[in-house]
Amino acid sequence: MEKYLSQLNEAQYAPTVQKDGPMIIIAGAGSGKTRVLTYRIAYLMNQGVDAFNILALTFTNKAAKEMKGRIAEIVGASEAKNLWMGTFHSVFAKILRFEGHHLGYPSNFTIYDTQDSQKLMGSIIREMGLDKDLYKTKQVYSRISSYKNSLITVKAYFNNPELMEADAMARRPRMGEIYQAYVERCFKAGAMDFDDLLLRTNELLTRFPSVLAQYQDKFRYILVDEYQDTNHSQYLIVRALADRFQNICVVGDDAQSIYAFRGANISNILNFQKDYEDVKMYRLEQNYRSTKNIVGAANSVIEHNQTKLDKIVWTANVEGPKVQVHRSLTDGDEGRFVASAIWETKMTDHVPNSDFAILYRTNSQSRAMEEALRKRNIPYRIYGGLSFYQRKEIKDVTAYLRLILNPSDEEALKRVINYPARGIGQTTIDRLMVAANESGKTIFELLENIDSANININTGTKNKLKDFVTLIKSYQVMNQTANAFDLAEYVTKTSGLIKEFNKDNTPEGVTRLENVEELLNGIKDFVEGQMEIADSKDNLAEFLEDIALATDLDGDKGDPDHVALMTIHSSKGLEFSNVFIVGLEEDLFPSAMSMNTRSELEEERRLFYVALTRAEKKAYLTYALSRYRWGKLVDSEPSRFIEEIDDQFLDIITPIEERRINPMLSADIFGDTPPNKVRFKKPVQPKFKKKDKAKPVNFEISAPKKLKKASEIKAPAEANLFGGELTVGNRVKHLKFGRGEVLSIEGKGGDVKAEIDFEFGGKKKLLLRFAKLELIG
DNA sequence: TCTATATGAGTTTTT
DNA sequence: CTCATATAGA
């Protein structure tokens, strides 16, 4: 028990064992902040704090997963499960499921992803007859998103002349109307977008003091990782929840703030000491991760930022090799350099693939890297990128499921009403939308009574619409009794989706089918993990929520020994022996979109700082003289960030190609470009990002692929309680629903069910055979 | 009124 | 290159 504490140095020990009160830990890169956080949670639990009373918040799924794993190692998986730990969005989505009814939301509200939100805005802009070149959906979306993140409601917007003025100046005077229409339409659709999950939580906690009190009492100890990345909305939630007990511990590093683009506000961390009384401040400045050269290089870069806290990150580690800078001719060459460097290092040092990471600014850069790695037969895995759940075919299936659960979900309806084609065209949909807006009814409600509705639609189309309603209703009936897997399988078969995908015999089409199959497998695993809940009605809703907030279908399948490829954003919090930072070119990194203001540029610089400090032993910086963009070779120049590093930490390699540079020559002359232009061809399995493409032999379609979540739930066969051990009136604890009281017990043998009234989720009937309940005094 | 084809426009980063 | 929307054809 004490053993883990002895692994901490003095600076880390102090915050770890401060049990109560507000505290802030300013933690430099690699200074062991995650260790402090995880050990602190373990310490709290050892001090008798109930895991149910601890809330730990992170910003990305990746970070949440990382932290969960580490905590489970110390306190054990079963105890760790009782912690409320996850991203802000996922934790508050769960709370809103329970409490959303206060705000007029159905408990099975839909979560709109970016795509849904943007489509809705697009159609609002069109309906309002606005110029779509002036009102670009993406810009409108990010503008509205930033209002929401700053807690500027529609009402507040119209009361704020400055904001309205700013939008008018940007030639978008009707922004407020769009905002208003968007909010109304979301609400009517029973949908929340990502920002709503935070905004509505705030509304809930402000408008309903009893709800606030309940959660304040529950979350007696709150820990927030990466506090520098909180936006205003998140900040207020944390403050409200922590207000009663003031046991709040935030950890962050202003130098690693890289989410300003989604509203992160550095002043939250800078002003923390003003928000609470007697704040203890701790600083972790010793870097345990990286060599002197890497720390030195990173420090010399971040020096160029004006806005920063005084903090000296230092290390007692070895000097190590210098940071290597490498120039390539094209992005293809860059990939080949990286692949061969990895290969050579593996040969000489005998290290595993997992010692390497390739980090880039934009997701699209992964392609050149993938290709080169595949050629060298180096296994790799891409993290992030286009999420599995955002693929067209997956969204098609889930749109049906969403509609079954929540027929008001307008975006889902529009997606599937004519897919597969049923002869219901745009004109019909437009008329329906107009009628829906005028009547205040949802489209589905109109469709249910299409004969009596006063809409100009011909009889033939009306019949098609009726058929569609009948189809969806039949699914809804099935959903009453069938589990999510059986339903989803039935839907894909009977809606015509499978037939539609089957039409396409191209490799992409085949991949699509496989993806759908994989989705079904995922649902199956999820359902099996949920078997304890006797009324299976809810599990579809839960599955949909999970996937709405998940980015990666990250199981531990495939070879765990792979090179990691990811954006720098998603690499935060991770570390690797060898790190390649690629594409260090002006307009790419720093991004062309981020060079308008000093603060934008400084965020890019912090991003570079984050990238560099991921490396433990060796860092490589690469750039190319020209790069393919939209199929065209475009010239580029080296990033300013390379120049900003103090020379003493750098080892600038002048490649042999340097002497051969000649615009007359194409890359082929060097003989290192593959004879056929593979680059332009689609890889055979391009959609399967989560597989190790370097080993196509490994392509195990038939092997069941498990969603991490489900397999986690299933794996530990804990001692389940059976009827004999449980009686009416007992108090029990459940992983998800919290504490509860047993109301009744029914059934016999393996089918004993208990009805339990939980603090979160209300009354549930659980099958004791599966339910992992714990008796509490 | 719906469907297939051409054209054209846009690429940060995440929940 | 890869999406999303305009236009012609059925």
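In the text below, chain A, chain B and the rest are named by the order of the sequence lines, each starting its count at 1. Quick caveat: nothing in here was measured; it's all calculated off a predicted structure. Reckoned from all heavy atoms, side chains included, excluding hydrogens, waters and symmetry mates.
- If you look at Tyr609(A) and His304(A), their ring centroids are not closer than 6.0 Å.
- Between Gly423(A) and Phe261(A), the residue anchored closer to the 5' end of DNA chain B is Gly423(A), taking for each the nucleotide with the nearest heavy atom.
- Remark: Gln256(A) CD to Lys572(A) NZ distance equals 6.0 Å, nearest 0.5 Å.
- Contacts of Thr110(A) classified as side-chain hydrogen bond (donor to acceptor under 3.5 Å, both in side chains), with partners at least two apart in sequence or in another chain: Asn406(A), Asp409(A).
- Listed candidates were dC1(C), dT14(B), dT12(B). Nearest to the side chain of Arg367(A) is dC1(C).
- Atom CZ in Phe608(A) sits roughly 16 Å away from atom C1' in dT13(B) (whole-Å rounding).
- Nucleic acid contact class of Lys136(A) (heavy atoms, under 4.0 Å, all strands): sugar-phosphate only.
- Heavy atoms of Arg431(A) sit under 4.0 angstrom from primed sugar atoms or phosphate atoms, though from no base atom.
- Residue Ala421(A) is classed as a sugar-phosphate contact, given heavy-atom separations below 4.0 Å to backbone atoms only.
- Relative to the ring axis of Tyr419(A), Lys392(A) places its NZ or CZ within 45° and under 6.0 Å from the centre.
- Using a 4.0 Å heavy-atom distance criterion, Phe589(A) is classed as making no nucleic acid contact.
- Protein atom CG of Asp430(A) is 12 Å distant from nucleotide atom P of dA6(C), rounded to whole Å.
- Contact annotation: side chain of Thr114(A) to base of dT14(B), donor-acceptor pair absent below 3.5 Å.
- Using a 4.0 Å heavy-atom cutoff across all strands shown, Asp193(A) reaches no nucleic acid atom at all.
- Within 4.0 Å of Ile111(A), counting heavy atoms only, lies no atom of the nucleic acid at all.
- The six-membered or imidazole ring of Phe59(A) lies near that of Phe88(A), with a centre-to-centre distance under 6.0 Å.
- Of the residues in residues 456-466 of chain A, none lies under 4.0 Å from DNA chain B by heavy-atom distance.
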Considering only distance and modelled atom types, tabulate donor-acceptor pairs under 3.5 Å from the side chains of residues 128-135 of chain A, sequence neighbours left out.
unit_1    : atom_1 : unit_2    : atom_2 : d
Asp131(A) : OD1    : Asp133(A) : N      : 2.8
Tyr135(A) : OH     : Arg174(A) : N      : 3.1

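- When heavy atoms are screened at a 4.0 angstrom cut-off, Ser364(A) is found touching no nucleic acid atom at all.
- Here dT5(C) is the nucleotide among dT15(B), dT1(B), dT5(C) with the atom lying nearest to any side-chain atom of Lys132(A).
- Separating the CG atom of Asp331(A) from the P atom of dC1(C) is a distance of 14 Å, rounded to the nearest angstrom.
- In this model, the phosphate group of dT13(B) is approached by a side-chain N or O of Asn363(A) to a distance below 4.0 Å at OP1 or OP2.
- If you look at Phe187(A) and Tyr105(A), their ring centroids are closer than 6.0 Å.
- The distance from atom CG of Asp195(A) to atom P of dT14(B) is 16 Å, rounded to the nearest whole Å.
- Between Tyr147(A) and Tyr179(A), the two ring planes are tilted [angle within 30° to 60°].
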> Should Gln118(A) and Thr137(A) be marked as a side chain to side chain donor-acceptor pair (under 3.5 Å) after you check the CA-CA gap, both sets of side-chain angles, and the distance that decides it?
Replying inline: CA-CA 6 Å; Gln118(A) 287 187 356; Thr137(A) 47; 5.0 Å; no
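- Of all nucleotides listed (dT12(B), dG10(B), dT1(B)), dT1(B) comes nearest to the side chain of Thr428(A).
- Looking at which nucleotide of DNA chain B each of His89(A) and Asn418(A) is closest to, the 5′-most match is held by Asn418(A).
- For the pair Ile258(A) CD1 and dT14(B) C1', the computed distance is 10 Å after rounding to whole Å.
- Distance, Lys632(A) NZ to dA9(B) C1': 15 Å, rounded to whole Å.
- A donor and an acceptor atom sit less than 3.5 Å apart, one in the side chain of Arg262(A) and one in the base of dT14(B).
- The nearest whole Å value for the distance from the CE atom in Met192(A) to the P atom in dT15(B) is 19 Å.
- Candidate nucleotides dT12(B), dT15(B), dT1(B) were compared by shortest atom distance to the side chain of Phe194(A), and dT15(B) ranks first.
- Among the protein residues, Phe59(A) comes within range of the sugar-phosphate backbone only, with heavy atoms under 4.0 Å from sugar or phosphate atoms but none that close to a base.
- The interatomic distance linking Lys65(A) (NZ) with dT15(B) (P) rounds to 13 Å, in whole Å.
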